[in-house]
Amino acid sequence: MNARLLALLSLTASWAGAQVLESFTGFVRPNTTYFAGNWSSGGVAPAPGLVQGDGFFELRGTSDAASFVDLHPPAGQNFFALGSAQFLSVSARILAGNQADAFRIFLIDTAGRTASASFPAAEFPTSGFRATTAPLSAAPGFNRSAVERIRISGDSITAPLPFAIAFDEMRLVEHGPTIGSAIRNFSTRAQVGGGASVLVAGFVIPGEHAKPLLLRAAGPSLAAFGVTGVLADPQLQLFTGTTLLAANDNWTTDATLAETMQRAGAFAFPTGSRDAAFSALLPAGAHTVQVGGTGGSSGTALFELYDLADPSVTDAAGCTNFAARGSVGSDQAPLTAGFVVSGYTTRKYLLRVAGPALAAAGLTSGVLADPRLRLVRTAGGLEYAFGENDNWDGTSAHSAVAEAAGKVGAFPFASGSRDAALVVALPPGIYTATASATGSASGIALLELYELP
């Protein structure tokens with residue numbers, strides 16, 4: 001995928017009350033030598049063949065007192081200012097051979113004083129990463145503005161037994177683990193035309209309470225990101241069933257939107273542009289968005305949804321289901337969706353790309369006969385494959401996909417169909433899903449994302 005386009009889809013990232021401390025997938029601080037002179041401390045050594053840049057590292061030792069690893073910033077620099085963060089969130093997994101009850105992470109200031117958090121080993125899986133959060137306990141006099149290094153060691157080890165842990169990411173957070181994971185930002189990009197080729201997106205607001213949202217349809221503003229053939233004058237419409245709730249053609253008719261976009265973390269629309277946007281307090285339930293071109297014009301457009309609710313003071317639930325329908329073909333860009341899983345815990349999701357199944361749902365012609373689904377995670381400005389599927393019924397995971405679809409009320413895929421699907425456990429992060437054509441085929445596809453109970 002074009003790097004600038006990937007960055008554009010990732011602009012929906014909004015980590016309220018959180019900041020990356022260290023990412024071991026892509027590395028927040030590229031070209032930093034974390035381990036020089038420290039892997040030998042207390043008998044700690046990296047696993048054979050594992051080097052910086054492999055995405056995570058292993059910590060193996062024989063006691064909590066002697067085995068540790070220190071992470072250092074570039075020479076002469078401190079890591080960060082702790083600020084108001086009261087919690088540390090870690091995405092990790094336990095490795096084979098671990099016999100430690102827990103491990104501890106110390107944030108060490110320039111005077112050697114510490115703030116630390118302890119994580120029970122039982123909270124982490126042996127395959128895949130899981131994020132969990134623990135409170136930081138600071139020693140008297142700890143300098144929150146001058147953290148010099150990070151130390152990882154075993155904790156609660158009652159005998160000289162090995163412990164082994166692999167880290168994916170560490171984050172500083174201001175609020176505790178009562179805020180669960182949710183999708184609060186969603187975007188989708190497609191080629192927009194007339195008739196059935198308008199960009200259609202859907203989402204569900206769960207529960208009974210209304211939710212404040214910012215909805216945008218970017219066309220002309222995409223040119224600044226290197227996108228060619230943009231939709232010159234997008235129109236944005238929001239429906240509940242067949243009822244039109246809101247619409248916008250040119251966003252500058254609302255003078256308050258620029259401030260709302262900035263607060264949401266959205267990239268700015270140029271003053272006077274013909275991009276479309278509006279914010280609204282929307283009722284719970286299913287909603288549909290259509291993005292079309294004025295006068296039936298065509299071009300590339302990006303639809304974005306931003307949840308404006310503050311998760312630290314409101315219901316933790318975000319929107320639970322998302323869908324995007326658009327044109328896919330060998331001569332067109334794939335149907336692409338970007339989304340952010342916020343919060344501090346891993347959660348399971350069902351992703352699907354419906355092509356042939358759309359015929360059974362009422363779209364009788366022009367569907368994509370054999371779609372392909374790919375999911376990637378973005379970290380440190382780099383892209384990492386998280387899963388892919390061509391034919392959903394051609395893998396051992398087909399029963400899990402069918403079961404998940406039943407739980408969320410998704411329409412079924414026929415046995416043996418060439419629709420694509422994945423069931424994945426996603427830690428907090430930024431993700432991009434693409435629906436593409438197999439071979440030279442083209443047609444309409446539906447990309448779906450469901451939060452699993």
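Keep in mind it's a predicted model, so treat the numbers as computed, not measured.
- Applying the side-chain hydrogen bond (donor to acceptor under 3.5 Å, both in side chains) test to every pair with at least one member in residues 219-230, sequence neighbours left out, gives these pairs: S221-D275.
- A cation-pi geometry, defined here as NZ or CZ lying under 6.0 Å from the six-membered ring centre and within 45° of its normal, holds between R216 and F269.
- For the pair R263 and E259, the salt-bridge criterion is not met [side-chain N within less than 4.0 Å of a carboxylate O].
- Shown here for N250 and S273, the closest heavy-atom pair between the two residues is CB-O, 4.4 Å.
- Residues satisfying the side chain to side chain donor-acceptor pair (under 3.5 Å) criterion with E451, sequence neighbours excluded, are R347.
- For the atom pair CG of L373 and CG of D390, the computed distance is 10.0 Å after rounding to the nearest 0.5 Å.
- Separating the CG atom in L238 from the OG1 atom in T240 is a distance of 6.0 Å, to the nearest 0.5 Å.
- E448 meets the side chain to side chain donor-acceptor pair (under 3.5 Å) test with R352, Y450; sequence neighbours excluded.
- One distance of note links CG of L358 with CG of L368; it measures 9.0 Å at 0.5 Å rounding.
- V408 places a side-chain heavy atom less than 4.5 Å from the side chain of P453.
- No donor-acceptor pair closer than 3.5 Å links the side chain of N391 to the backbone N or O of D393.
- Taking NZ of K407 as the reference point, atom CG of L452 lies at 7.0 Å (rounded to 0.5 Å).
- Expressed to the nearest 0.5 Å, how far CG of L302 lies from CD of E304 amounts to 4.5 Å.
- With S442 contributing its side chain and V328 its backbone, the two residues share no donor-acceptor pair below 3.5 Å.
- When only modelled atom types and interatomic distance are considered, Q191 and T300 share a side-chain donor-acceptor pair under 3.5 Å.
- Applying the side chain to side chain donor-acceptor pair (under 3.5 Å) criterion to D233, with sequence neighbours excluded, gives T294.
- With rounding to the nearest 0.5 Å, the separation of CG in L282 from CD1 in I205 is 5.0 Å.
- Partners of F322 according to the ring-ring contact (aromatic ring centres under 6.0 Å, His included) rule, which considers only residues two or more places apart in sequence or in another chain, are F186.
- For F203, the ring-ring contact (aromatic ring centres under 6.0 Å, His included) test picks out H287, with sequence neighbours left out.
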